[in-house]
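A short write-up of the structure that comes next.
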Number of protein chains: 2
Amino acid sequence: MAEEPPPLGPLRAATTGEQVAHRLSTAIALGEFSLGDRLPSERELAALLEVSRESVRAALRRLTEAGLIEVRRGRGGGAFVRAQWAESSETSVREALLAQWEDFEALFDYRRLIESLIARTAAQRATDDDRAAIRAALTAFEGSANPAEARRHDTELHLVIARTTHNARLVRLHQLLLSEVSLGVSEEPYTWEIYEEARPHHRDLAEAVLGGDAERAAEVAGEHFAITENALRRLAARVGRDRP
Amino acid sequence: MAEEPPPLGPLRAATTGEQVAHRLSTAIALGEFSLGDRLPSERELAALLEVSRESVRAALRRLTEAGLIEVRRGRGGGAFVRAQWAESSETSVREALLAQWEDFEALFDYRRLIESLIARTAAQRATDDDRAAIRAALTAFEGSANPAEARRHDTELHLVIARTTHNARLVRLHQLLLSEVSLGVSEEPYTWEIYEEARPHHRDLAEAVLGGDAERAAEVAGEHFAITENALRRLAARVGRDRP
DNA sequence: CGTAAAGGTCTGGAAACTAGACCTTTACCC
DNA sequence: GGGTAAAGGTCTAGTTTCCAGACCTTTACG
């Protein structure tokens, strides 16, 4: 389990490049840019973020090294979001997982708790507008034509539910957790298998929220978000862990 | 209600002085340094935080301007935590409150939700060690000799309960919220009146957690943390607001 | 084959941060 | 009372980071 930080330890200053890299990776994790998408050009990013182009380039170098993006030169080039598992060797995955395993345990536990709270609160606070939005998001999800689309609609549905709490901070926490989990596990591809597993959960969750059944919503959410955790556990096992 | 931030807006870089100021004010809000305490000397702080003394001084200037500390020169001098309401005029209080009222509404709502979650989870996860710690903290709180001590024990009891969730992130969130609320309302003095109001709540909360009654714990926590909110509302009314 | 749109590189200057020396104030102790 | 220690207050020089902008190179498209 991660430690509580000491009250007055050293201050680690993040360079501008690191901060930009964090922003960008978060945006990618939140689906702002999907697989294969091109990020804005360096000059555009520099303008958007109001930093120098050099800082943007420092960030892109980081993301490239992390395997998150791929940079192509020339006209029509730019930084493209890469399929995550593409070239990361299994041993590097294993090392990453093992090194941070305690953190992940805590992170997933945290996420399950928070998402249960969000579901519970959403069920208690849903207005008619919220209900309409949830229904629309659920329909969109269930009509997904391919995994990429399913993933987008999945994210969107959960976002709509988070918004139903009518608390911007909870929404932000939801997004923060989503991005942390996505980046932490390097975003396993969204397969039809996962889709099929998530589908009934989403329906149950939506119905509980729509029906105002807070307890049930909390419970279903708890189970649902165990999916990611289990997927990670399976992955860890596949990669060859020795721990339970 | 606070807005959701745009995905790729300008990046606001915090200067080292600001970061140090944030660290220090958080430490104060969390009770690391209580009213009247002396902070470590500038040179010590610089060494602890691994920044230059100038940066520490920049931070102390900020905190002084904010009225959070008072700096005395000469031997035995230093930065002392000040009684918050001491010299801030009512109009400045009023302006601060009104300017951030939407934020506060969201913040307190958020806090109530999170603290309910913490209480609920603590009730579900308490071990014998946790129970002993909670009992000890409750006893200490109830035996407080003066408001200052009561405040410390109050904080400590809630911290112990947060730790009972066995999730370091929840603990951190608890502390983050505590510090944000404390700083936001400039920490109204902890009076016997508040103590008397909090006392039965604490007992109920502790009993619910000790007894593993998650629902009751969540409910009591929700009511308890409405205290701060109501105190703020009363303050706002006293200061002369016109809104409900 | 020229041009436009992208990344890649370089340079000069501005701003922030640091390290350290030195000054001033104040309390305590002899 | 005078000395001294411990604190804040000030100044300077040097380093690092960041920025703005010009310019080069690569590549696709018309």
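No experiment lies behind these values; they were computed from the predicted model shown. Proteins come first, then strands; the chains are lettered A, B, ... in the order of their sequence lines, and each starts at number 1.
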Is a side-chain N or O of Tyr110(A) found less than 3.5 angstrom from the main chain of Glu105(A), in a donor-acceptor match? no
Does Ser55(A) make a side-chain N or O approach to OP1 or OP2 of dC19(D) shorter than 4.0 Å? yes
Looking for any heavy atom pair under 4.0 Å, which part of the strands does Gly76(B) touch: base, sugar-phosphate only, or nothing? nothing
Glu70(A) with Arg38(A): basic N within carboxylate O range, under 4.0 Å: no
Polar-atom pairs under 3.5 Å, protein N or O versus N or O of nucleotides 11-15 of chain D: list them with distances, or write none.
from    : atom 1 : to       : atom 2 : distance (Å)
dC11(D) : N4     : Glu54(B) : OE2    : 2.8

Round to a whole Å and report the spacing from CD of Gln19(A) to C1' of dC18(D). 12 Å
Among His174(B), His158(B), His202(B), the one residue meeting ring-ring contact (aromatic ring centres under 6.0 Å, His included) with Phe225(B): His158(B)
Report the distance from atom CZ of Arg38(A) to atom C1' of dA28(D), rounded to the nearest whole Å. 13 Å
For Arg53(B), is there an ion pair with Glu42(B) - N to carboxylate O distance below 4.0 angstrom? yes
Base, sugar-phosphate, or nothing: which does Arg61(B) touch, judged by heavy atoms less than 4.0 Å apart? nothing
Check the pair Glu142(B) / Thr139(B) against side chain to side chain donor-acceptor pair (under 3.5 Å), numbers first and verdict last. CA-CA 5 Å; Glu142(B) 297 194 327; Thr139(B) 305; over 6 Å; no
Pick out which of Arg61(B), Arg12(B), Arg23(B) makes a salt bridge (Lys or Arg N to Asp or Glu O under 4.0 Å) with Glu18(B). Arg12(B)
For Arg72(A), report the nucleic acid contact type (base, sugar-phosphate, nothing); a contact means any heavy atom under 4.0 Å. sugar-phosphate
For Phe141(A), is there any backbone N or O sitting under 3.5 Å from a side-chain donor or acceptor partner on Tyr195(A)? yes
Toward the 5' end of DNA chain D, which comes first, Gly17(A) or Arg73(A), by nearest nucleotide? Gly17(A)
Show your working on side chain to side chain donor-acceptor pair (under 3.5 Å) between Ser41(A) and Glu44(A) and close with a plain yes or no. CA-CA 5 Å; Ser41(A) 74; Glu44(A) 281 177 287; 3.3 Å; yes
Check whether any side-chain N or O of Asp37(B) sits under 3.5 Å from a backbone N or O of Ser34(B) as a donor-acceptor pair, and report yes or no. yes
Contact boundaries of DNA chain C with chain A (under 4.0 Å, heavy atoms), 5' to 3'? dA4(C) to dC10(C)
To the nearest Å, give me how far apart CZ (Arg53(A)) and P (dC18(D)) are. 17 Å
